[in-house]
Amino acid sequence: MAEPSKVIHVRNVGHEISENDLLQLFQPFGVITKLVMLRAKNQALLQMQDIPSAINALQFYTNVQPTIRGRNVYVQFSSHQELTTMDQNSQGRGDEPNRILLVTIHHMLYPITVEVLHQVFSPHGFVEKIVTFQKSAGFQALIQYQLRQSAVAARTSLQGRNIYDGCCQLDIQFSNLDELQVNYNNDRSRDFTNPHLPSEQKGRSSQAGYGDVGVAYPQMANAAAIAAAFGGGLPPGISGTNDRCTVLVSNLNPDRVDEDNLFNLFSLYGNIVRIKLLHNKPDHALVQMGDGFQAELAVHFLKGAMLFGKRLEVNFSKHPNITQGPDTHEYINSNLNRFNRNAAKNYRYCCSPTKMIHISTLPQDITEEEIVSHLEEHGTIVNTKLFEMNGKKQALVMFETEEQATEALVCKHASSLAGSIIRISFSQLQSIRETS
C-alpha cells in the first residue's frame with residue numbers, strides 16, 4: 001500500500017459514473033473537499049478532509065469491493081498529498097468564521113435527524129443545507145447558513161449545549177468548505193432551498209435486487225449504508241466478507257416458537273427472504289437473510305441468546321438458500337422488513353439482546369400503563385419511559401433479564417397496540433435516565 005494521503009485515486013471509472021456516484025461512495029467516511037474526474041483515463045482523484053478519513057475509506061474498501069452501477073471500481077492512495085487544481089485557500093479554517101458549521105454530537109442517546117438539527121439551528125438564521133454522517137469521532141453534521149453572521153451567532157449560543165436533557169452535546173467548529181453539495185432530501189441530508197430533490201438516487205432504491213425471488217443478492221450492495229452506520233469500519237468480530245445468506249438456528253423451544261417469532265428477532269439484523277421450520281428436527285429452523293453481511297450480523301449477535309427457556313445455537317447453514325415450498329414462510333415482500341428504509345440507522349442499532357427495548361410508531365395518546373399491560377406477560381418490567389421524538393411518541397421499557405426483553409420483542413414486535421402497529425428493537429442504553 002502506498003504512503004497514506006488525503007487524496008484517493010479511483011480507477012475503472014466508466015463514462016456512466018457521475019461525480020455524485022463517487023461522492024456517495026466516499027461521503028460516509030467524512031467530508032470530501034475536492035473531486036477531479038480524469039475522464040480520458042477513466043479515473044478520478046478525490047481529496048478527503050483529513051488522512052484518517054481516507055485511511056478509513058481504503059480499509060473499508062479492501063474488505064468490500066466497491067461497485068458503482070454494477071461496475072467494480074478500484075481505489076488506492078494517490079501519490080499526490082494534496083490536489084492543487086482548485087481553490088487554494090479552502091484549507092483548515094477551524095476558527096475563522098464561515099457560514100458553514102461542522103457539528104459533532106457527543107453522548108448521542110437518541111437518534112438525531114436533519115429535522116432535529118434544523119429545529120436547533122434555524123432560530124439563529126436561515127439554514128440553507130444540512131448534511132449528516134457517521135464518523136469514528138461520532139455523529140457529525142455540516143450546517144450551511146445563508147449568512148456568515150448567523151453561523152457565528154449559532155456557534156456562540158449553542159457551543160457545548162445539550163440538545164436533550166443530559167445528552168446529545170454539541171461541539172461546533174467552523175467548516176473550511178465553501179458550499180455543501182446536497183443531492184437528496186431525506187433524514188440524512190436536506191437542501192432547504194430546493195424542496196424538489198429526490199429522496200434517493202433513481203435506480204438505486206434500497207429494494208434493488210429484492211424484486212425477483214431467488215436472485216443472487218449483490219453482496220454488499222449496501223456498502224455505503226454499512227460504512228455510514230459504523231463510521232467507516234466494521235463492528236468488532238464482523239469480517240464483512242461472508243457470502244453465505246442462510247442461517248441454521250437450533251435448540252429452539254418447538255412448543256413456543258413459530259416463523260413470525262423468528263422473523264421478529266432476525267429482522268433486527270437484515271431483511272428476511274424466507275424461513276423454514278424443520279419438521280424432522282422440530283427444534284431447528286433455517287432463516288435466509290438478504291445478504292451475507294446481514295447473515296453474519298445475525299450469527300454474531302444472536303449466538304447464545306436465550307429465548308423461551310432455551311439457549312439458541314446460531315450458525316451458517318450449508319444450504320446457500322432455502323427452496324420455496326409449502327412449508328416455507330415468505331417474507332421477501334413483507335413491509336415489516338426493516339432494512340428497506342434507513343438502512344444505515346438500522347445497522348447502527350444492531351446489538352446482542354439487551355434488557356431494554358425501544359418501542360416506536362406508538363399512538364399519540366398512548367399511556368405508560370397501556371404499554372405495561374401490553375408487555376407485562378413476558379416478564380418483570382423494572383422501568384419505563386415515554387418520550388416524544390420529532391413529534392412522534394416512543395418508549396423505553398426495561399425488563400429484569402435479557403431473556404424477558406427478547407420474548408417481549410419476539411412476541412410483540414409488529415403487534416397492534418391501541419390501533420397502531422408498533423415497532424420494537426433492543427436499546428443499547430444501560431439505564432433509563434429520569435428527566436425532570
Side-chain angles (χ1 to χ4, degrees), residues 28 110-113 134 186-188 199-200 204-211 217-218 220-230 235 238 245-247 249 258-275 285 287-302 305 307 314 329-354 356-362 389-390 392-397 405-417 420-429:
Y110 300 123
I112 299 294
T113 59
Q134 187 75 16
N186 54 33
D187 282 349
R188 297 177 301 284
S199 62
E200 56 187 325
R204 276 274 292 272
S205 117
S206 41
Q207 282 151 334
Y210 272 80
Y217 286 91
M220 305 294 274
N222 41 17
I226 293 164
F230 301 121
I238 300 288
C245 303
T246 304
V247 172
V249 196
D258 62 25
E259 290 88 350
D260 287 346
N261 293 160
L262 289 173
F263 173 85
N264 289 347
L265 184 58
F266 279 80
S267 63
L268 289 168
Y269 307 101
N271 283 335
I272 306 298
V273 178
R274 65 179 61 93
I275 295 179
V287 179
Q288 185 177 336
M289 310 284 292
D291 63 31
F293 184 76
Q294 296 178 352
E296 188 177 11
L297 290 175
V299 168
H300 178 75
F301 287 121
L302 288 177
L307 177 62
V314 187
H329 274 231
E330 297 302 305
Y331 295 98
I332 191 162
N333 296 317
S334 168
N335 58 2
L336 296 173
N337 267 319
R338 301 170 189 243
F339 284 72
N340 291 335
R341 294 181 296 282
N342 296 336
K345 194 162 85 178
N346 284 306
Y347 283 123
R348 195 153 63 232
Y349 293 148
C350 283
C351 62
S352 292
T354 62
M356 180 100 70
I357 58 174
H358 173 262
I359 310 172
S360 54
T361 59
L362 286 163
M389 194 69 168
N390 304 339
K392 298 192 175 76
K393 278 280 172 16
Q394 304 190 8
L396 290 167
V397 177
T406 305
E407 182 181 316
L409 180 145
V410 155
C411 297
K412 294 290 162 70
H413 171 65
S415 66
S416 175
L417 173 56
S420 287
I421 301 294
I422 60 171
R423 185 189 154 107
I424 304 182
S425 47
F426 291 114
S427 168
Q428 298 177 46
L429 295 182

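Listed by chain and residue number, nothing satisfies the ring pair (Phe, Tyr, Trp, His ring centres under 6.0 Å) test with Phe266 (two or more places apart in sequence, or in another chain). Qualifying ring pair (Phe, Tyr, Trp, His ring centres under 6.0 Å) partners for Tyr331, counting only residues two or more places apart in sequence or in other chains: Phe263. Annotation: side-chain contact (heavy atoms from CB on, under 4.5 Å) contacts of Ser360 (sequence neighbours excluded): His358, Gln394, Arg423. For the side-chain hydrogen bond (donor to acceptor under 3.5 Å, both in side chains) test, residues two or more places apart in sequence or in another chain that qualify with Ser267 are Arg338. With sequence neighbours excluded, the residues forming a side-chain contact (heavy atoms from CB on, under 4.5 Å) with Ala285 are Leu252, Leu262, Leu277, listed by chain and number. For Asn186, the side-chain hydrogen bond (donor to acceptor under 3.5 Å, both in side chains) criterion is met by no residue, not counting sequence neighbours. With sequence neighbours excluded, no residue satisfies salt bridge (charged side-chain N to carboxylate O under 4.0 Å, His left out) with Glu296. Every residue meeting the side-chain hydrogen bond (donor to acceptor under 3.5 Å, both in side chains) condition with Asn261, not counting sequence neighbours, appears here in chain and number order: Asp258. Remark: Ser352 pairs with Phe301 by the side-chain contact (heavy atoms from CB on, under 4.5 Å) rule, at least two apart or across chains. Contacts of Thr361 classified as side-chain hydrogen bond (donor to acceptor under 3.5 Å, both in side chains), with partners at least two apart in sequence or in another chain: none.
Residues Thr354 and Ala405 share a closest heavy-atom pair of O-CB, 3.2 Å. Considering all non-hydrogen atoms of both residues, Met289 and Ala295 come closest at CG-CA, 3.7 Å. Residues Val314 and Ala298 share a closest heavy-atom pair of CG1-O, 4.3 Å. Of all heavy-atom pairs between Leu268 and Asn264, the closest is CG-O, 4.1 Å. Contact record, Asn271 with Phe339: OD1-N, 3.0 Å, taken as the closest heavy-atom pair. Pairing each heavy atom of Leu429 with each of Leu396, the nearest pair is CD1-CD1, 3.6 Å.
Expressed to the nearest 0.5 Å, how far CG of Leu265 lies from CG of Leu307 amounts to 6.5 Å. For the atom pair CD1 of Ile357 and CD1 of Ile424, the computed distance is 4.5 Å after rounding to the nearest 0.5 Å. Going from atom CD1 of Ile238 over to atom OH of Tyr347 covers 11.0 Å, rounded to the nearest 0.5 Å. Remark: Met356 CE to Ser425 OG distance equals 12.0 Å, nearest 0.5 Å. Note that CD1 of Ile421 is 11.5 Å distant from CG of Leu362, once rounded to the nearest 0.5 Å. If you take CD on Gln288 and CD on Gln294, they are separated by 11.5 Å, rounding to the nearest 0.5 Å.
Side-chain contact between Pro353 and Leu302: present, with at least one pair of heavy atoms (C-beta onward) separated by less than 4.5 Å.
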